[in-house]
Asker: 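Take this structure, written in structure tokens, and hold onto it; I'll ask about it next.
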Amino acid sequence: MVYILLMRKVNFILKALNFSAYKHRYQRRKGDEHLPYINHPIRVAYLVSEIGKVEDPVIIASAILHDVVEDTETSFDELKEEFGEKVASIVMEDTDDKRLEKKERKRLQIENAKDLSYGATIVRIADKIANIMDIVNSPPDDWSYERKKDYLQWAKSVVSKCKDYDGSVKDLKDYFFETLKKVEKSLKEHN
Ligand code: ZN
């Protein structure tokens, strides 16, 4: 019985991976290595599991799917039908409204951080960890030192505002701040 339940969870996560990989199939990351886009959501989901120690397949699947609405032709209804209401809602919470100007979208992420649900908070912080790691590991070619510094500052503001729900959130936040220190140091050294 335990084995069957475990396999159902694994299957649900694999279904999310399959869906996300297909939706992002033509996209590449902004960074200088131009990695396949799917590397990013895989890393976010791995951070959720490895650092946050989150075992809920709904949250892990949401991490894998967190960019499909924002960056591909995927709707809330499609996600809801494939993965259920909870996953669809978490993904929507972590989706910026692209009709707004970039500056406003960034401001809203700081403002809304404290109101995110538990799952959306976990995904939001793991996403920011993955993104600040990319600033040193695979930085976008056209980003100046200032722009990178601004990005780090903004990510810090978002993560700081996230609600401290539990130990998983705390561990992810701690890991974010440790990573931030390393990234800032490396950025200074290479500037
Ligand atoms: Zn992301």
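Ligands are counted one by one from 1 in listed order, and the atoms in each one are counted from 1 as well.
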Asker: Side chains of T72 and Q27 only: does a donor on one sit below 3.5 Å from an acceptor on the other?
Answerer: no

Asker: Leaving waters out, which protein N, O or S atoms fall under 2.8 Å from the Zn ion (ligand 1)?
Answerer: H40 NE2, H66 NE2, D67 OD2, D127 OD1

Asker: What residues form a side-chain contact (heavy atoms from CB on, under 4.5 Å) with D56, not counting sequence neighbours?
Answerer: V54, V58, I59

Asker: Listed by chain and number, what are the side-chain hydrogen bond (donor to acceptor under 3.5 Å, both in side chains) partners of D71, not counting sequence neighbours?
Answerer: Y37, K98

Asker: Side chains of I60 and I64: closer than 4.5 Å at any heavy-atom pair?
Answerer: yes

Asker: Please list, chain by chain and in numerical order, all residues satisfying side-chain contact (heavy atoms from CB on, under 4.5 Å) with E184, sequence neighbours excluded.
Answerer: L152, L180

Asker: In terms of side-chain geometry, is the basic nitrogen of D134 or R43 positioned less than 4.0 Å from the acidic oxygen of its partner?
Answerer: yes

